[in-house]
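First up is the structure itself, then whatever we jot down about it.
For clarity, every value in this text was computed on a predicted model and none was experimentally measured. Per chain, numbering begins at 1; letters A, B, ... match sequence-line order.
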Amino acid sequence: MAPVDGVVDKDNRDIVDNNTAQKLTQVEIEALKRSGMKGGDLIKHIVENSESWNKRTKFSQEKYLKKKMQKYAVTFEIKKPTALELCEAYTQTQPQRILSLRADTLGLMMQMANINQESRVLLIDKTRGLLAGALIEKNVKEILHVELGGGGQQIKMQTDILMEYNLHPYQQKRLSHTHISNIQKTFPSPTVPADQRDQFLTKLAPAQKHYYNSVIFLHDEFHPIEIIDAVFDLIQPSAPIVVFHTHLHILSQLRDHLTISKMVIMTKLEELWTREQQVLPMRTHPHMSMHGASGFLFSGIKVL
Amino acid sequence: MEATTQSSIYTYKRDNLIKEGDLVFVYESADSIKQITMKRGAIYNNKFGQFPHNDIIDQAEFGQKVYSKQMKGWVYMLRPTSHAYTNSLAQRTQILYTPDISQVLFRLELKPGMRVVESGTGSGSLSTSIIRQILPQGHLFTYEFNAVRAEKAREDFEGKLGFKGLVTVTHRDVLSNGFLLKDEESDTILVSENSIDAVFLDLPRPQDAVEHAYKVLRKQGRLCNFSPCIEQVQKAVEQMAQVGFYEIRTFETLSRDYITSHLTFESINKKPEDDADSVVKETGAGAGAGAGGRRQQKQREKGMVAELPRADIRGHTGYLTFAIKF
């Protein structure tokens, strides 16, 4: 490959980083800004007053300009909130609000849960609507969001992130809510011996039994084993079940429970390793920093 | 006998009974999933014996365990899912696997109704996943430069997968001829400029397809390129920047699998009469069909659950570059 001009013949051997290269003071720059000098011109002025500019390699000059532009010529783009954008934004700023669900794992979760237009989703999560919105974006048939906890009082689903999707009312209609206590009254846990279950109640709601063909859990307050036992009857046989957790061991316990009891087959326990690359001529390498916690994903298929 | 109404394999009927004409995934073990289309009179054979379709059609449910006629073993009858389809595919080319597929579908923000262009078609693994995301109003235009593969893909889409009307397979070298498409018989324009929502490229010289992709994409449409080699990525990205794409981001994604084990420990101060067996038995991937698992199962329930990373993992599949048309 031919040497790139201004790269091979220059380096930083004569550059001393002691803050004296720039001849304009911060006060002078602020004055120029106040006088109405625009970003591009201001940066040109700063470059002209930099002693180290000509000593820099072409790449170093580009990096310098990029840095100055971030400071003096900020441009921004107004973007539509989508599952991808919202997830990335929250991951960067407030990951705890979405239980550390990373965008790449969200994508994998939807694929493993086989989300498509025919999906009737059983969703038990605490992402404040991020997941519900992502599902509605994919035009699923319906979502039943089940709230856990609250003791005697039934808590309503927190929907502040769902609101950020700006969904149409007809889209929002696909989402319905209930509390786990309503389900437990009609479907006592399958691990309770048959003769101890209320026979009358068990016959009450055949419409909901074996109904949901996609199941997604993302919760940190209750153990997934207890959650799945409580709703197992609602899941259609051969439906994919996907559970996200920040801690691997919890999912190991879940997988063990489901495999030994033969409730679920094709179990998988995985995490995603994702790295972004900087792709520039002569400067291609992975980004220097990387996100190390994708969260863990359990998946499996319910069987009869 | 002709199969009755061929619905898409992803149509989830409320009724869970297996019908004639249904595409069923037969689960023999974690590593062995076979695709069969149910047909009266047919018999499925494997090492456990015979499984006559007549015993299954209108009698067995999806998710049900079915024993062979000889009672030598069993299989599970499962509904097709995207992930299982990818893993059970008869490969005609190197395919994309689930982790990469999931990123493509998610980052291209595919939705029902979208018009998507793809090249090359290959084994149709990704095509199937794309179609599932954009139906029923969307359409996939997929281009393949190998005539035999193009025809096989057409057969799969219109046959067992039931995607007729949702996808158009074109035998063409897009690097030279681009993506603009006209129906030869009716002279209708199928793909014109600025008419496509998303383009996916998996080609040997992607840089030559970038400008063609730009032409057919609408404003704010998205491009995704998959290349195993960094040199291809560099050339493609350079072209993208030149032609007018922005927010060009390149990722690599790998899935890290975990095996679930049971660990028991002997005591340092073990007395001879203690019946401690330190046994490490693995659950998870190896839970195969058939008899003989009972003693293993008893041992599995002993001890503590622990996770073991798999040693034989993939180190690289390819780089995924995403970009938006300005």
Side-chain angles (χ1 to χ4, degrees), chain A residues 77 82-84 103-104 106-120 134 137-139 141 210-211 213-214 236-240 248-249 251-253 255-256 259-260 265-281 284 286 294 296 299 301-304, chain B residues 8 10-12 14 16 27 30 33 61-65 76-79 81-84 98-99 101-103 105-107 109-112 129 132-133 135-136 230 233-234 237-238 248-260 262 283-285 287 297 300-301 305-307 319 321:
Chain A
E77 184 196 350
T82 59
L84 174 59
D104 55 347
L106 173 53
L108 181 65
M109 195 186 250
M110 305 236 274
Q111 182 70 353
M112 297 307 284
N114 201 44
I115 296 299
N116 61 82
Q117 291 217 89
E118 303 286 342
S119 293
R120 300 184 296 269
E137 262 186 4
K138 296 290 183 187
N139 216 36
K141 258 215 167 68
H210 289 185
Y211 184 72
N213 55 29
S214 238
Q236 189 177 47
S238 196
L248 180 59
H249 194 64
L251 295 180
S252 294
Q253 295 175 324
R255 182 203 211 163
D256 197 50
T259 310
I260 288 178
I265 60 169
M266 275 178 71
T267 62
K268 197 180 216 282
L269 193 42
E270 63 188 320
E271 63 171 330
L272 280 183
W273 183 94
T274 298
R275 192 164 67 175
E276 193 164 351
Q277 300 275 328
Q278 168 181 292
V279 180
L280 289 170
T284 298
S294 71
F296 300 92
S299 57
I301 308 278
K302 166 175 170 169
V303 289
L304 272 174
Chain B
S8 154
Y10 298 115
T11 302
Y12 278 90
R14 179 74 179 82
N16 210 29
Y27 172 95
I33 301 172
E61 279 187 63
F62 283 106
Q64 190 170 322
K65 194 187 243 187
Y76 279 103
M77 311 298 287
L78 299 179
R79 270 191 209 280
T81 60
S82 262
H83 173 63
T98 293
I101 293 176
S102 72
Q103 301 308 297
L105 300 180
F106 191 55
R107 286 192 174 270
E109 296 197 334
L110 296 188
K111 288 188 209 3
S129 288
R132 190 227 327 145
Q133 296 284 289
L135 53 82
I230 198 67
V233 175
Q234 285 176 307
V237 167
E238 200 177 325
I248 305 168
R249 295 178 75 179
T250 302
F251 302 92
E252 41 178 345
T253 300
L254 292 169
S255 169
R256 195 76 208 282
D257 232 21
Y258 289 89
I259 301 169
T260 304
H262 276 252
T283 56
Q297 194 185 316
R300 278 206 289 261
E301 292 172 27
V305 172
E307 308 82 17
Y319 301 96
T321 303

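At distances below 3.5 Å, not a single donor-acceptor pair connects side-chain atoms of A/Glu137 with backbone N or O atoms of B/Lys111. With B/Arg132 contributing its side chain and A/Ile115 its backbone, the two residues share a donor-acceptor pair below 3.5 Å. A distance-only check finds a donor-acceptor pair linking the side chain of A/Asn114 to the backbone of B/Ser82 [under 3.5 Å].
Rounded to the nearest 0.5 angstrom, B/Asn16 CG and A/Gln236 CD are separated by 4.5 Å. Atoms NE2 and CZ, on A/His210 and B/Phe62 in that order, are 15.0 Å from each other to the nearest 0.5 Å.
By number of non-hydrogen pairs under 4.5 angstrom with chain A, the leading residue of B/Val233, B/Leu254, B/Thr321 is B/Leu254. Between chain A and the options B/Met77, B/Gln133, B/Arg107, the largest number of non-hydrogen pairs under 4.5 Å is found for B/Arg107. Ranked by non-hydrogen atom pairs under 4.5 Å with chain A, the options B/Arg249, B/Glu238, B/Lys65 are led by B/Arg249. Ranked by non-hydrogen atom pairs under 4.5 Å with chain A, the options B/Pro136, B/Pro99, B/Ala84 are led by B/Pro136.
With a 4.5 Å cut-off on non-hydrogen atoms, A/Ala134 does not touch chain B at all. At a 4.5 Å heavy-atom cutoff, the contact between A/Ile265 and chain B is made by side-chain atoms alone. At a 4.5 Å heavy-atom cutoff, the contact between A/Lys138 and chain B is made by backbone and side-chain atoms alike.
Nearest approach of A/Ser238 to B/Gly63, heavy atoms of both residues: CB-N, 3.6 Å.
For B/Tyr319, the ring-ring contact (aromatic ring centres under 6.0 Å, His included) partners at least two apart in sequence or on another chain are B/His316.
Look at A/Arg275 and B/Glu252 and you find a salt bridge, because one of the NZ, NE, NH1 or NH2 atoms lies within 4.0 Å of a carboxylate O, short of that distance.
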